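Nothing here was measured: the structure is a model prediction, and the numbers come from that model.
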Amino acid sequence: MRLGLGLNIKTTGSPFTPANLGGLQAWFRNNTGILEGAEDPAEDGDNVTQWTDQGGNDNHLTAPDNYFTFNEDSGGVESADASNDKLHLSSQINFTGQFSMYMRIKFSTFSSGATDLFFYDKDTSSQDFFRVQSTSEIRGKINNSAKIGFSTTIETGTYYNIGVERDGTNRVVVYLNGTGLTQITTTGYEAGVVSGTLDIDAIGGSLDGIIKEVVITNEALSTSERSKLQAYLANI
């Protein structure tokens with residue numbers, strides 16, 4: 001006797017996407033909602049005016065001065081000149097406690113100074129920011145704190161998943177491809193936890209590179225969520 005013949009039995013849940021994360025504040029999805037003009041989908045090389053938020057909060061990224069273009073090969077947005085401006089969030093996000101901010105990104109060049117910013121406050125960029133400081137350091141500040149530095153090895157021409165999280169104890173960690181980086185605690189650097197409000201309303205300032213996807217939540221991720229997000233972003 002043969003049982004279950006022809007039955008379609010579902011043994012696994014739906015594939016993970018950032019929509020599964022709690023506290024989702026904004027989600028700029030690869031090859032989705034990238035517009036030229038008011039509502040026309042951007043084609044390869046077109047100037048991008050909006051990257052539409054898929055997180056349900058209508059907090060879109062806009063580029064009114066036409067300094068990002070749609071890169072069809074990657075499904076993301078590209079800035080080919082580090083002197084170019086930023087992508088603007090429609091509404092500033094203010095994190096008083098936990099947060100997680102992730103980006104899949106490739107850098108074509110690195111520059112010195114206040115460049116290669118991936119999350120920051122456009123009005124007070126020296127007080128609230130995270131950027132690639134050099135090929136060996138990712139640096140940030142929260143509410144004009146002492147600088148927060150993390151040791152890394154990062155190169156041009158390679159896609160990375162860069163994440164910044166703060167948990168319920170105000171511990172800040174930068175993750176590169178899912179692995180937490182070592183915090184720099186030498187003189188001049190913040191050695192402990194970092195409280196204060198992080199204001200974020202801009203992405204990709206003074207960047208020469210391609211952004212494939214961006215995910216922002218108001219919660220730190222669990223180990224399982226972080227692993228799933230890493231796999232999801234790496235598969236784009």
Side-chain angles (χ1 to χ4, degrees), residues 24-29 33-36 42 47-55 57-70 76-134 137-150 162-166 172 174 190 194-218:
L24 187 62
Q25 298 296 293
W27 174 22
F28 306 104
R29 190 171 192 174
I34 303 176
L35 307 179
E36 178 199 28
N47 291 323
V48 172
T49 56
Q50 178 172 297
W51 198 352
T52 307
D53 178 19
Q54 305 299 312
N57 294 309
D58 292 330
N59 198 0
H60 311 307
L61 283 173
T62 61
D65 296 323
N66 298 327
Y67 34 73
F68 279 80
T69 58
F70 177 56
V77 299
E78 179 176 14
S79 173
D81 183 348
S83 66
N84 283 346
D85 208 342
K86 62 198 78 66
L87 290 162
H88 305 250
L89 281 168
S90 301
S91 300
Q92 188 175 81
I93 303 175
N94 311 110
F95 294 114
T96 59
Q98 297 183 48
F99 62 78
S100 60
M101 308 184 298
Y102 278 78
M103 181 180 292
R104 183 156 182 81
I105 186 170
K106 177 177 73 173
F107 299 90
S108 298
T109 62
F110 293 118
S111 305
S112 59
T115 60
D116 300 316
L117 293 141
F118 47 94
F119 295 107
Y120 66 109
D121 179 1
K122 61 180 180 285
D123 297 317
T124 57
S125 59
S126 64
Q127 299 180 26
D128 291 278
F129 72 87
F130 284 91
R131 68 173 182 245
V132 175
Q133 183 70 17
S134 68
E137 181 185 349
I138 294 175
R139 182 181 294 182
K141 282 189 177 184
I142 296 176
N143 195 27
N144 206 28
S145 65
K147 59 192 176 188
I148 314 162
F150 295 84
I162 299 179
V164 184
E165 296 189 35
R166 181 167 68 180
V172 178
V174 170
E190 179 61 64
V194 186
S195 59
T197 301
L198 175 65
D199 300 325
I200 296 298
D201 59 12
I203 289 173
S206 300
L207 167 72
D208 178 10
I210 296 174
I211 301 172
K212 275 194 172 187
E213 189 148 342
V214 181
V215 179
I216 303 173
T217 82
N218 64 7

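Atoms OG and CG, from Ser125 and Asp199 in turn, are 12.5 Å apart once rounded to the nearest 0.5 Å. Taken to the nearest 0.5 Å, the CD1 atom of Ile138 stands 10.5 Å off from the CD atom of Gln133. Residue Gln127 holds its CD atom at 10.0 Å from OG of Ser145, rounded to the nearest 0.5 Å. Separation of atoms CZ (Arg139) and CZ (Phe130) is listed at 12.0 Å; rounding is to 0.5 Å. Put simply, CD1 on Ile211 and CZ on Arg104 are 13.0 Å apart, with the number rounded to the nearest 0.5 Å. Atom NZ of Lys141 and atom NZ of Lys147 lie 8.0 Å apart (nearest 0.5 Å).
With sequence neighbours excluded, the residues that form a ring pair (Phe, Tyr, Trp, His ring centres under 6.0 Å) with Phe99 are Phe95. In this structure, Glu190 has no salt bridge (charged side-chain N to carboxylate O under 4.0 Å, His left out) partners at least two apart in sequence or on a different chain.
When atom types are taken as modelled, the side chain of Arg166 and the backbone of Gly97 share a donor-acceptor pair closer than 3.5 angstrom. Remark: side-chain polar atoms of Ser91 are not paired, donor with acceptor, to backbone N or O of Asn59 under 3.5 angstrom. Formation of a donor-acceptor pair under 3.5 Å by the Asn57 side chain with backbone atoms of Leu24 is found in this model. Using a distance-only test at 3.5 Å, with no hydrogens or angles considered, a donor-acceptor pair links the side chain of Asp53 to the main chain of Trp27. Between the side chain of Asp128 and the backbone N or O of Tyr120 there is no donor-acceptor pair closer than 3.5 Å. Using a distance-only test at 3.5 Å, with no hydrogens or angles considered, no donor-acceptor pair links the side chain of Glu78 to the main chain of Gly76. Under a 3.5 Å cut-off, the side chain of Asp121 and the backbone N or O of Asp123 do form a donor-acceptor pair.
Taking 4.5 Å as the limit, some side-chain heavy atom of Leu207 sits within range of a side-chain heavy atom of Ile105. You'll find the side chain of Ile216 reaches within 4.5 Å of the side chain of Phe119, heavy atoms only. A heavy-atom distance below 4.5 Å is found between the side chains of Phe150 and Val172. By the 4.5 Å heavy-atom criterion applied to side chains, Leu87 and Phe28 are not counted as neighbours. Contact check for Ile200 versus Met101: side-chain heavy atoms found under the 4.5 Å cut-off. Taking the side chain as every heavy atom from C-beta outward, Phe68 and Ile34 never approach each other to under 4.5 Å.
Side-chain contact of Gln92 with Asp201: a donor-acceptor pair under 3.5 Å is present, judged by distance alone. Tyr102 and Glu165 share a side-chain donor-acceptor pair at under 3.5 Å.
Residues Gly196 and Ile142 approach most closely at O-CG2, 3.7 Å, considering heavy atoms. Asp116 and Thr109 get closest at one heavy-atom pair: OD1-O, 3.8 Å. When every heavy atom of Ala202 is checked against every heavy atom of Lys86, the shortest pair comes out as CB-CD, 3.6 Å.
Under the side chain to side chain contact (heavy atoms under 4.5 Å, CB included) test applied with Leu35, the options Val48, Thr52, Thr62 reduce to a single match, Thr52.
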